[in-house]
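Note on naming: letters A, B, ... go to the chains in the order of the sequence lines (proteins, then strands), and numbering restarts at 1 for each one. It should be emphasised that the depicted structure is a prediction, and the values quoted were computed from it without experimental measurement.
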Amino acid sequence: MTLTKLITGAALIAAFASSAFADGHTIRMGTEGAYPPYNFVNDSGEVDGFEREVGDELCKRANLTCTWVVNDWDSIIPNLVSSNYDTIIAGMSITAERDEVIDFTAEYFPADPSTYVALSGASDDVTGGIVAAQTSTIQAAYVADSGATVVEFATPEETVAAVRNGEADAVLADAAYLSDIVKASNGELSVVGKPVAIGGGIGMGIRESDGDLKATMNTAIASMKADGSLAKLIAKWFDGRSVEY
Amino acid sequence: MFDFCIDPQNLDGFYWWSCYLTTGKHISFYTSFFVVFALLIVTVPLILLFGFLGAIARQSRIYPIRIFGITYTSVVRGVPDIIFFLFVPIALDQGIEYLRHKFKCSEWVEPIRQGNDFVVCQIAKMPMGSSDQWIHDTYGFFLAALAFSIVFGAFAANTINGAINAVPPAQIETGVAYGMTRKQIFIRIQLPQMWAYALPGLSNLWMILIKATPLLFLLGVQDIVYWARELGGTKTARFTYPHSDWRLGYFIVLLVFYLFLSWVSEIFFNKLTLKVSKGQATLNGTVGGTIDYISVSDDEVRNS
């Protein structure tokens, strides 16, 4: 361990000790549980995925006790602002529109391009046809602006099913989510068109009035970036993707 | 669950299925069937209570009470369910927390409403942030049950109100002739006879209620439809038991469950209808004995 790292570590520990949350009270982490590899409910019924590991590690570093709550995507922001849980950690991109209602921590996952997926053999033109996207996502807004017809669904699963049964020509979602689906489809689905870069990185959603928690989480995210543990987790869950922090 | 389930990749046929169907997630699916029954058990008495109070309010001679009854039934029936279920439980929850906050943390100076946020002190939280998840689920469930009761109670109030009015006026006149008070007429003549008229409407409500549980997930309570969708969704290689889109299979299971429930309810309501219409006078002029209920209500409704 180099001297700089030691100093950073000491500074971080000091920051945690002075935090209002050092008493270790319980933080409830709200997630969707339907967006692998970011977050999903595994076969034993537990929340699992990249965000589960990141969240648990952040809580450990911030000396917080955390519990996980699964909530519908549609009502995930209303339930945060009415304090039914304390954070949203659900693959939520940082956008100006959301930032008006809630606050975001620093990003813990870089901006991920979105890709179109259609039935194999479809031409690139389908991206201008009928495109499925999940309700209240950056992708749904993007499709609506692009001039294509958007059909919205409540869950990511339904957006892919819409392509399979012909209801939509293509689906637009985060590349990481769709690449798993394409791989598992045995050639039925494939990526079409060019990836589009929309939205910023992914951050944790926190109530605007909860500045203390935001600061605590930002410090923890910074420490995970500094020691490379965040990059390791990203590589683990996203097929060895390498990220520089 | 079983010893041979340690390495599911190498299993097939019967062994794979017996492991797959006993995963923790499937157990949650099975237990969520009880959520449906629990919802029915908790809400049905409340719905009947709200229904009766609403109907009695609408029959009241006191103007403000009558207006209250009419407003309750009209407004609640007019508002879309999904709005109601997002609004009522959150409003109830915030109301409870607001009162607890005022009571327990009176020394707090920060406002409770901060922009969009609703913030109360930690000990005023309901339930406490540190409580187990099942306490949160149970609390959410009861808030939801209350919202269900208010909504369905309004429909029940309208049905019961109509049923009370459907009791033949001649019988009420007879009651008056005997010197009964309004209260006596209500309890002795209208109440016992209105059941036969109310049951078809109430059984409709019951059937709708059985199928309304997916609304629970808006409040974070996971019901059978949530789990069926979750389990049936495509499972990529990240899961222990990968499979393609199996939602159809899971929904067929739900279909069978709901059809079974409908069938049992139908039998129950038919029996009940026979029971409550026993010995009831009808416009057909039949008095006494068991009367086929269908002919009673149809003629009655058309003629009244």
**Q** Can you tell me if B:Phe251 has over 12 outside heavy atoms packed within less than 6.0 Å of its CZ?
**A** yes
**Q** Taking atom NE2 of B:His26 and atom CG of A:Asp43, what is their separation to the nearest 0.5 Å?
**A** 8.5 Å
**Q** Given that the side chain runs from C-beta out, which part of A:Glu158 has a heavy atom under 4.5 Å from chain B: side chain, backbone, both or neither?
**A** both
**Q** Sort A:Pro37 into side chain, backbone, both or neither according to what part of it lies under 4.5 angstrom from a heavy atom of chain B.
**A** both
**Q** Nearest 0.5 Å please: distance from the OH atom of B:Tyr241 over to the CG atom of A:Asn42.
**A** 11.0 Å
**Q** Starting at CG of B:Asp93, measure out to OG of A:Ser83 and round the result to the nearest 0.5 Å.
**A** 9.0 Å
**Q** Do B:Asp117 and A:Ser209 get their side chains close enough for a donor-acceptor pair, meaning under 3.5 Å?
**A** yes
**Q** Supply the atom-to-atom distance A:Tyr177 OH to B:Thr236 OG1, rounded to the nearest 0.5 angstrom.
**A** 8.5 Å
**Q** How long is the straight-line distance from OG1 of B:Thr234 back to CZ of A:Arg164, given to the nearest 0.5 Å?
**A** 4.5 Å
**Q** Examine whether an atom of A:Tyr85 lies under 4.5 Å from a heavy atom of chain B, and if so say whether it belongs to the side chain, the backbone or both; otherwise answer neither.
**A** neither
**Q** Just wondering, do A:Ser82 and B:Gln94 contact through their side chains at under 4.5 Å, heavy atoms?
**A** yes
**Q** To the nearest 0.5 Å, how far apart are CG in A:Asn84 and OH in B:Tyr139?
**A** 8.5 Å
**Q** Under a 4.5 Å heavy-atom cut-off, does chain B meet the side chain of A:Trp237, its backbone, both or neither?
**A** both
**Q** Give me the atom names and distance for the closest heavy-atom approach of A:Val70 to B:Gln222.
**A** CB-NE2, 3.5 Å
**Q** Is the shortest side-chain heavy-atom distance between B:Ile90 and A:Asn79 below 4.5 Å?
**A** yes
**Q** Around atom CZ of B:Phe257, are there more than 12 heavy atoms of other residues, nucleotides or ligands at under 6.0 Å?
**A** yes
**Q** I'd like to check A:Arg28 versus B:His136 (side-chain heavy atoms, cut-off strictly below 4.5 Å). Are they in contact?
**A** yes
**Q** Which atom names give the shortest non-hydrogen contact between B:Glu230 and A:Gly33, and what distance separates them?
**A** OE1-O, 3.7 Å
